[in-house]
Amino acid sequence: MDLLSGLNHQQHQAVTAPPGPVLVLAGPGSGKTRVLTHRIAYMVAHLGIRPGEVLAVTFTNKAAREMRSRVEDLLGEEPSNGPRLTLGTFHAFSARMLRREAADGDLPFTRDFVIFDDSDQRSLIRQALKEFNLDPKQVQPAKVQNAISAAKNELIGPEAFVANTYFSEVARRVYLRYQQLLQQNNALDFDDLLFWAVRLLREDAGTLARYRQTYRHILVDEFQDTNTAQYVLLRLLAGEAPDLFAVGDADQSIYRWRGADYRNVQRFQQDYPQAQVILLEQNYRSTQTILDAAMAVIDRLPGRRRKRLFTERGRGTRILVHEAYDEADEASFVVETIALLIHSGEVQPRDCAVMYRTNAQSRALEEAFLRAKLPYRLVGAQRFYGRREVKDIIAYLRLIHNPADQVSLLRVLNTPPRGLGAKSVAALLRAAEERGLPPGEFLIALAEEGGEELLAPFTRRAAAALTDFGAMLARWFRTRQDLPLAELVDRVLADVGYREYIDDGTEEGRDRWENVLELRNAAQEFSSLGLTTFLEHLALVSDQDTLTEDQNAPILLTLHAAKGLEFPVVFIIGLDDGVLPHQRSFEDPEAMAEERRLFYVGLTRAKDRLFLVRAFRRRTFGFSSIADPSRFLLDLPQDLLEGAQLGFQTPSEATFARQTRWGSASIASPPEARYRVGMRVAHATFGEGVVLETRLDHDDEEVTVVFEEAGIKRLVASLAGLEILEG
DNA sequence: TAGTCTGGGCTTTTT
DNA sequence: GCCCAGACTA
């Protein structure tokens, strides 16, 4: 086994750098994963470091899995008997640590804690706002949530939260109450995982020493996307004699809104002035055309360390820019082009990826794929786990795992409906509080002890329903250890009659039930690992983690989710000002810079072919609007591009350009329309003109008119009030 | 209490 | 144009 052959000079240098702080600045496609895996293997094979001493932190679980298997491949099948390499995301690592340490520490939760997701957090914040008699319309829960999250990422606890405005005073109070509520629920949110991990290591010298002793060698991937909490955590673990190997690329920093700060790259060099810095510039992924385009985009950012990305792969094909008419047309273009590429034998379906700025953009694509009867893969865990039926079942499981979880209890107590409305819930909460128990445990007690007196506060109907529910919960709770996970899920589903509740015979009902079954399948895979692990997995899955390799189909994903991946053929759609860059970033230069980096990330995912697509007209919020081409498109040197000139293009030109390019014959003839080409019309503002063309869009008609004074305008007939003069 | 209605907000991006 | 929370009605 020769670990070092096949590495270029810089890679070699990085892999074999002497232990100590090392910063690898790795351009896209420069083999950073390779460097990381080879370095780990090198440390184990050549430096005699035991795998158990190594901690490698990645950005997604998927990356962690891949890295593990690549390291194992490099090291061969030697069954090592010591502890394995520790590999995972910051959050997963922290969660594991906190579970281990929660037993005897001063931490305000037990090792059975649950991890609250976004919507759980939201509901606690709503609850807190309600308690303070604050109107969620005046004080947006989402804003408070962001403020709390930002504070935690900066390691600012509620006691240290400084309030100097009305809003921040509200946020401060909600923050305090929110933490109490989390504690009552024996729950942590995402940010807490990092927050408490840091606090634990800071305040408990013994634990810190133990962890430093264990993890003497630390590697971090995607370092530019660490936030303060993560950075501090790293520094704590790395300790006095740091062997800390960080790989990152400030140009690919796209998580500022999550507290990430690419300046951690500079901070690293300040904190470790002795750090060795290695620059990886040679690209092994893309054609030079793609790299030139990417550099043209990123080099416009001021104040950065320029990289000269180069490849030995040659120039390759030009980048194709296409302007579609609307999002449906945009999606058709993508699907037709993919079909054509596959048909030509050039590529496999799985080689193609379609990237977009916002999740909402996947809809039109999905419809186009369905229409064409072509399979596709959609990356996006949140979408699945955010579904009502999936959340319901997870809530049941969380409640079984942790009966103190009130958020989950309230979600499922009357789902499916069992006659427990607001009144009964209020009575339950009161009764539980009097008893000094979390409501979930109160219900279990109710079922196990029975007793008239416990039931006194309830109506007869509510009492019966609550006793039933408590009995089920107690049963599940007792058997949760012995029953295989999937069977536990089956038991719950059967006991509560979930299928009858969700599957009402409609197509939607069937879909919902299938989602439940999919969750059950996931549970089956975790059967040997148990409920705790399963729930933790559910809480910490990333979108990328849902990307499966088993299906040979094109992939649809957000630009964010595309980070770290590569594909032979890449489409980036929605290259309109307002979409990419996103409207919300217009005001803030930092946000705009991040949009640019996001586009850069997208461009550099492509190995061979790159398609940049935009739509002249787009429906957002149900309103149709017209956008300018993305300003980023204008930064691309013309000689790298082929395809239609951007700018004015009539709908039929867009369709025609597409259809002639791909040699497809038929051009759809428009159905009947009120206006006809050649008609003379009058408009209140624009004056008189002649109809150039018309197009029916859904149930409205769109008319392109050349006005004598105002020039060419596109109008929606129902709004424009065009008067027909002759024709 | 359960089901229907309605109005408002929503679309950034996700561990 | 969709989805949810809260209001309203049976």
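What you see is a predicted model; the values in this text were computed from it and never measured. Reminder, nothing fancy here: chain letters follow the sequence lines and each chain counts from 1.
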### Summary
From NZ of A:K391 across to C1' of C:dA5 the rounded distance in Å is 15 Å
### Gap in Å between the two P atoms, one belonging to C:dC4 and one to B:dT13, rounded
15 Å
## Note on the structure
Sorted by chain and number, sequence neighbours left out, side chain to side chain contact (heavy atoms under 4.5 Å, CB included) with A:R263 holds for A:D261, A:Q266
### Task
Only counting residues at least two apart or in another chain, list the ones meeting ring-ring contact (aromatic ring centres under 6.0 Å, His included) with A:Y600.
none
### Message
Using whole Å, what does the distance between atom P of nucleotide B:dT14 and atom CD of A:E222 come to?
### Response
15 Å
### Message
In this structure, how many angstroms lie between the P atom of C:dG6 and the CG atom of A:L129, rounded?
### Response
11 Å
### Query
To the nearest Å, how far apart are A:D225 CG and B:dT14 C1'?
11 Å
### Task
Round to the nearest Å and state the distance from A:K143 atom NZ to B:dG9 atom C1'.
12 Å
### Nearest-angstrom distance from the residue atom CG of A:D118 to C1' of C:dC3
16 Å
### With A:R258 via side chain to side chain contact (heavy atoms under 4.5 Å, CB included) - residues at least two apart
A:F59, A:Y255
#### Entry: Closest to the A:H560 side chain, choosing from C:dG6, B:dT11, B:dT13
B:dT13
### Residues A:R512 and A:N515: side-chain donor-acceptor under 3.5 angstrom
no
### Counterpart residues, side chain to side chain contact (heavy atoms under 4.5 Å, CB included), relative to A:R631 (two or more places apart)
A:D577, A:P581, A:F586, A:M592
### Query
Quick one: is B:dT14 close enough that its OP1 or OP2 comes under 4.0 Å of any side-chain N or O from A:N359?
yes
### Query
Does a donor on one side chain sit under 3.5 Å from an acceptor on the other, for A:T226 and A:N264?
yes
### Message
Between A:L519 and A:L538, is there a side-chain heavy-atom distance shorter than 4.5 Å?
### Response
yes
### Message
The test is salt bridge (charged side-chain N to carboxylate O under 4.0 Å, His left out); show your working for A:R619 and A:D326 and say whether it passes.
### Response
CA-CA 8 Å; A:R619 214 177 266 274; A:D326 59 11; over 6 Å; no
### Query
More 5' along DNA chain B: A:N61 or A:H582, using each one's nearest nucleotide?
A:H582
### Query
Looking at the side chain of A:T558, which of B:dT14, B:dT15, B:dC10 is the nearest nucleotide?
B:dT14
### Interatomic distance where CD belongs to A:E327 and C1' belongs to B:dT11 [whole Å]
13 Å
### Query
For residues 246-262 of chain A, which residues have at least one heavy atom under 4.0 Å from DNA chain B?
A:Y255, A:W257, A:R258
Protein-nucleotides 1-6 of chain B N/O pairs closer than 3.5 Å?
from	atom 1	to	atom 2	distance (Å)
B:dT1	OP1	A:G421	N	3.1
B:dT1	OP1	A:S424	OG	2.6
B:dA2	OP1	A:G419	N	2.9
B:dA2	OP2	A:N414	ND2	3.1

### Task
Provide, to the nearest angstrom, the distance between the CZ atom belonging to A:R122 and the P atom belonging to C:dC4.
13 Å
### Message
Is a donor from one side chain sitting under 3.5 angstrom from an acceptor on the other, for A:Q361 and A:T358?
### Response
yes
